[in-house]
Amino acid sequence: MKKILIIGGGFGGLECALGLANQPGIDVTLIDRTNHHLFQPLLYQVASASLTAPDIAQSIRQILCDASNVTVLMDEITQLDAAEHTATSATGHVHHYDYLVLATGARTGYFGNDHWAQHTLCLKSLADAQDIRRTVLTNLEKAEMSTDPAERQRLMTIAIVGGGPTGVELAGAFADLMNRSLRNNFRNIDTTVLRIVLIEGSERILEAYSQDQSAYARRRLEKLGVNVRCNTRVTDIQPQMLHFKEGEPLAAAAIIWAAGVASSSLTAQLTTPTDRGGRIAPLPDLSVPGCPHAFVAGDLVSLLDAKQQPIPGIAPAAMQMGRHIAKIICKEISSRDPIDVAARPAFRYTDKGFMAIIGKNHAVVKSGGIELQGFIAWLMWLFIHILFLVGFRNKLAVLLGWAFAYLRDNPSARVVAQAVDLSRIAPANHAK
Ligand SMILES: Cc1cc2nc3c(=O)[nH]c(=O)nc-3n(C[C@H](O)[C@H](O)[C@H](O)COP(=O)(O)OP(=O)(O)OC[C@H]3O[C@@H](n4cnc5c(N)ncnc54)[C@H](O)[C@@H]3O)c2cc1C
């Protein structure tokens with residue numbers, strides 16, 4: 001039996017495990033620090049109270065329950081020793097492997113200003129999405145009770161730093177929440193005047209899309225009431241306060257950081273250089289240079305496609321890599337010949353395009369030479385995500401419930417379960 005250790009049950013790791021499932025001579029251990037596989041593309045809907053956490057996550061153990069050769073462990077790997085073929089976890093367990101698949105994804109990056117993390121919210125995990133939702137909803141509750149206009153203004157300002165897909169999707173979703181879903185829910189505040197400020201350092205949002213599509217996205221967001229500020233560099237972040245290279249500071253009770261990603265810190269432990277984001281440039285077969293038994297998949301890979309374009313950090317790329325690695329491992333184990341790295345097939349990325357939603361009914365899609373925007377693009381987005389989720393959750397009822405609430409502007413995920421500190425609210429004046 002050959003031991004395969006997969007670290008990370010995200011899109012790359014899970015797809016690799018599925019490719020190795022029930023294969024003869026293969027004993028797989030998949031380790032993830034969470035117990036669930038997360039559908040990150042819909043995280044922003046949890047953050048903006050449209051979906052609940054279980055709608056977009058599924059137990060890894062459950063997904064792999066029919067794979068009798070796969071053991072799933074919930075643990076965090078903290079150390080790798082490529083020479084010894086071992087990985088050590090936070091709980092002190094040492095795992096030996098014949099093949100390693102490192103698929104630990106990306107984390108939020110702050111361009112060297114890691115201290116900004118304590119004053120900002122980010123969107124990478126379910127806990128992050130729930131933090132954003134709790135903060136935004138409780139800020140509105142506080143604003144409803146506050147009689148201090150400056151305090152209210154601050155509580156009713158959401159600043160989103162980063163005009164990439166995550167920032168754009170969040171801004172559009174919050175605008176929809178305020179303009180449609182919550183508009184009749186409060187008595188002292190008007191949610192439609194809530195300030196959503198989208199801050200982008202470069203000259204346009206959605207830089208991966210064409211000029212026309214970014215301009216379209218900006219127009220759509222502005223129509224929804226979002227204040228889009230391009231060419232605006234953040235120089236410092238203090239509690240509930242953003243400072244810029246030029247212009248006045250911005251007071252915002254919710255500051256969401258959607259501007260940078262950095263690779264998982266484990267990549268630094270594989271004896272190969274990483275790029276500035278901590279990503280590894282593997283050999284064409286996705287193995288780590290100098291470590292033929294170690295592969296990397298997903299967001300921590302830095303690789304060019306056949307057109308010499310960087311392969312994007314998106315779910316289809318991670319899945320394709322996971323499948324490619326599984327095929328190589330299966331072939332090598334079944335043939336039992338000595339490993340010949342040069343004979344391994346190179347990974348070929350199939351670009352299926354990407355899309356971003358800009359509030360309800362509008363999206364941009366870029367796929368090969370095709371560019372779409374508007375309602376048709378939004379329908380495509382809806383169709384693809386529903387299709388994905390049906391396969392993923394296998395719970396049509398949940399989906400129909402979501403689709404119904406979504407279409408009727410009546411999202412179901414507004415309950416804040418955690419205890420909230422309401423002590424810092426100005427005295428209420430309910431006599432109107
Ligand atoms: C908000 C957001 C929106 C997105 N939207 C889209 C979209 O619309 N379309 C799209 O295609 N892509 C989208 N992406 C990107 C996509 O989700 C990623 O490209 C994809 O998840 C990468 O897969 P991965 O396997 O590399 O990493 P992940 O899916 O992030 O999985 C990594 C796994 O590793 C685990 N892990 C990390 N470190 C350790 C450790 N030390 N020990 C054990 N386990 C560990 C994590 O818990 C996680 O489960 C989005 C991402 C985000 C954050």
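No experiment lies behind these values; they were computed from the predicted model shown. One-based numbering, in listed order, for ligands and for the atoms of each.
In terms of modelled atom types and a separation under 3.5 Å, the side chain of T88 and the main chain of G92 share no donor-acceptor contact. Counting only distance, with no hydrogens or angles, the side chain of E169 and the backbone of I357 share a donor-acceptor pair below 3.5 Å. Put simply, the side chain of W257 gets close to the backbone of G109: a donor and an acceptor are under 3.5 Å apart. Although no hydrogens or angles enter the test, the distance criterion places a donor-acceptor pair under 3.5 Å between the side chain of N69 and the main chain of N22.
If you look at F11 and H37, their ring centroids are closer than 6.0 Å.
Counting heavy atoms closer than 4.0 Å to ligand 1, residue L14 contributes nothing at all.
Using a 4.0 Å cut-off between charged side-chain N and carboxylate O, E222 and R218 make a salt bridge. Under the 4.0 Å criterion applied to side-chain N and carboxylate O atoms, K2 and E332 are not assigned as salt-bridge partners. Taking a cutoff of 4.0 Å between a charged side-chain nitrogen and a carboxylate oxygen, D128 and K124 do not qualify as a salt bridge.
Around atom NE2 of H243, more than 12 heavy atoms belonging to other residues, nucleotides or ligands sit under 6.0 Å away. Surrounding CG of D66 are at most 12 heavy atoms belonging to other residues, nucleotides or ligands under 6.0 Å away.
Less than 4.0 angstrom separates some heavy atom of G10 from each of these atoms of ligand 1: 25 (O), 28 (P), 29 (O), 31 (O), 33 (C), 49 (O). Here is the list of ligand 1 atoms found below 4.0 Å of a heavy atom in L123: 1 (C), 53 (C). Within the listing of ligand 1, atoms 41 (N) sit less than 4.0 angstrom from a heavy atom of L266. Numbered from 1 in the order shown, with element, the atoms of ligand 1 that lie under 4.0 Å from a heavy atom of P316 read 11 (O).
The shell of residues lying under 4.0 angstrom from ligand 1, judged by heavy atoms, excludes V261.
In this structure, atom 35 (C) of ligand 1 lies nearest to the protein heavy atom D32 OD2, 3.3 Å. Distance from atom 44 (N) of ligand 1 to its nearest protein heavy atom, with residue and atom name: R33 N, 3.1 Å. Closest protein heavy atom to atom 34 (O) of ligand 1: G8 CA, 3.3 Å. Looking only at heavy atoms of the protein, atom 25 (O) of ligand 1 is closest to G12 N, 2.8 Å. Nearest protein neighbour of atom 39 (C) of ligand 1, counting heavy atoms only, is T104 CG2, 3.4 Å. Among protein heavy atoms, atom 20 (C) of ligand 1 sits closest to F11 CD1, 3.6 Å. If you check which protein heavy atom lies closest to atom 42 (N) of ligand 1, you get I77 N, 3.0 Å. Atom 27 (O) of ligand 1 has its closest protein heavy atom at G105 CA, 3.3 Å.
At a threshold of 4.5 Å between non-hydrogen side-chain atoms, the residues I6 and D32 do not count as touching. Under the 4.5 Å side-chain criterion, counting only non-hydrogen atoms from C-beta, F295 is not in contact with L100.
Among A103, A315, A318, the residue whose heavy atom lies closest to atom 12 (N) of ligand 1 is A315. Taking only non-hydrogen atoms, the option from S265, P41, A129, G298 nearest to atom 6 (C) of ligand 1 is P41. Around atom 3 (C) of ligand 1, the closest heavy atom drawn from M321, E15, Q40 belongs to Q40.
Distance check on atom 14 (N) of ligand 1: every protein heavy atom falls at or beyond the 4.0 Å cut-off.
Any N or O atom pair closer than 3.5 Å counts here, and H36 shares no such pair with ligand 1. Not a single N or O atom of L43, backbone or side chain, sits closer than 3.5 Å to an N or O atom of ligand 1. Checked by distance only, ligand 1 and D299 come closer than 3.5 Å through their nitrogen or oxygen atoms. For a threshold of 3.5 Å applied to N or O pairs, the pair formed by T166 and ligand 1 contains no separation below that value. Considering both main-chain and side-chain atoms, G313 comes within under 3.5 Å of ligand 1 through a nitrogen or oxygen pair.
Of all heavy-atom pairs spanning L20 and C330, the tightest one is CD2-SG, 3.7 Å.
Using modelled atom types and a 3.5 Å distance limit, the side chains of Y209 and E371 yield no donor-acceptor pair.
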